[in-house]
Protein chains: 2
Amino acid sequence: MTYEPLKLENQVCFRLYTAARLTMGAYHPYLDPLGITYPQYLVLLVLWEQDKQPVNDIAHKLLLETNTVTPLLQRMEKSGLVNRTKGKEDSRQRIVSLTKKGIEMREQAKHIPECLSADIIKNEGSVEEITQMIPTLDKLIEGLKQNNQQINN
Amino acid sequence: MTYEPLKLENQVCFRLYTAARLTMGAYHPYLDPLGITYPQYLVLLVLWEQDKQPVNDIAHKLLLETNTVTPLLQRMEKSGLVNRTKGKEDSRQRIVSLTKKGIEMREQAKHIPECLSADIIKNEGSVEEITQMIPTLDKLIEGLKQNNQQINN
DNA sequence: TCAATTTATATCGTTCACGATGCAAAAATA
DNA sequence: TATTTTTGCATCGTGAACGATATAAATTGA
């Protein structure tokens, strides 16, 4: 009985990749009525915590590149959720602020986390077990951040 | 001290989404020289376990839709990794088989899993802790599969 | 002060990911 | 057998993700 690393079933990354995709799928019933996608929901979470942030801060908090976030914000501006104004001190910056619609969406989104927990309980049973993964995921993310930085230097 | 579900830092899904993206990034140094992407690597893993499978089987094993896998396989055919031939019993099927190049790539990819483990150890320390998440991830994936099926009915 | 460098954002091209739709072959059923 | 339904795959459109590159503004430093 030998351990075979090239087997799909032995790969942690495949599970992360799949779990992430399926979890995003589970958000669909709640985000579709609001007319937003999961990455757009993440941007809103960031702005609901603190309004009026430059693109870079948002990208940094989501661990995304600005060339991912810029088009995302452009789409959100087009759909009336945010405004993008030139920075006053630093005119290279684009300050992203919530519109009335963006602010009000928070009320509608308020119950999404508990809805998702309920869905998970319904089909699988244990939110506790899942939340126990958080410290490990955080350590993994921190390590991967450093690793990928080393690659790009 | 109230728990705030709408805070980014309290969201498990965001961590899965981030961990998955960053892990895929960590594969780059090993996959780029082979000229393949991470999803293409997953397809190869499936075909290395068993050659000559219809599109549907591959999609099912990767938990992807066929409309994701079909273009993926078309690109892999164009880059000379696989062939796609009409099924003999069921002519609706497309049987995907490895080319010589696809078979030989297994040798070059052999050490990727241990390289990735080494990278994780280097920057974070504990592969054991990460592999301990596997049962939980599997339960989560299984529950989400059922949940998302219920949605689409 | 002026050139060189860095920084913040944007643009472009390629590859996923997936909902919606189309189509032909197979299976089910009348 | 003829018709309906299902199945397997493909195509199209949209929205991420991200590497590479561009551009203008700010910063550094000679």
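Nothing here was measured: the structure is a model prediction, and the numbers come from that model. Every chain is numbered from 1, with letters handed out A, B, ... down the list of sequences.
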**Fill in**
Comparing nearest nucleotides in DNA chain D, the 5'-proximal residue of the pair A:Glu89, A:Arg75 is A:Arg75

Can you tell me how far [atom2] of [N] sits from [atom1] of [X], to the nearest Å?
X	N	atom1	atom2	answer
A:Asp32	D:dT14	CG	C1'	13 Å
A:Leu64	D:dG15	CG	C1'	13 Å
A:Tyr17	C:dC16	OH	C1'	7 Å
B:Asn148	C:dG19	CG	C1'	13 Å
B:Arg21	C:dC16	CZ	C1'	14 Å
B:His60	D:dC9	NE2	P	13 Å
B:Leu62	C:dC18	CG	P	11 Å
A:Met24	C:dC18	CE	C1'	10 Å

**Request:** Examine the side chains of A:Asp119 and A:Tyr27 and answer whether a donor and an acceptor come within less than 3.5 Å of each other.
**Result:** no

**Prompt:** Is B:Lys101 reaching over with its side chain to a backbone N or O of B:Ser79, donor-acceptor style, under 3.5 angstrom?
**Reply:** yes

**Request:** Taking B:Tyr38 for its side chain and A:Phe14 for its backbone only, find out whether a donor-acceptor pair lies under 3.5 Å.
**Result:**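 Pair found, side chain donor or acceptor close to backbone of A:Phe14.
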
**Asked** Closest approach of A:Leu144 and B:Ala26, non-hydrogen atoms and distance?
**Response**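 Looking at all heavy atoms of both residues, the shortest contact is CD2-CB, 3.9 Å.
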
**Prompt:** What is the minimum heavy-atom distance between A:Asn147 and B:Lys122, and which atoms define it?
**Reply:** OD1-NZ, 4.1 Å

**Request:** Kindly confirm or rule out a cation-pi arrangement of B:Arg21 over B:Tyr17, judged by NZ or CZ under 6.0 Å from the six-membered ring centre and within 45° of its axis?
**Result:** yes

**Message:** So if I define the base as every atom that isn't primed, P, OP1 or OP2, how would nucleotides 5-11 of chain C read as a B/S/- string at a heavy-atom cutoff under 4.0 Å?
**Reply:** --BSBSB

**Prompt:** Would you say D:dA26 has OP1 or OP2 under 4.0 Å from some side-chain N or O of A:Ser91?
**Reply:**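 For D:dA26, OP1 or OP2 has a side-chain N or O of A:Ser91 closer than 4.0 Å.
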
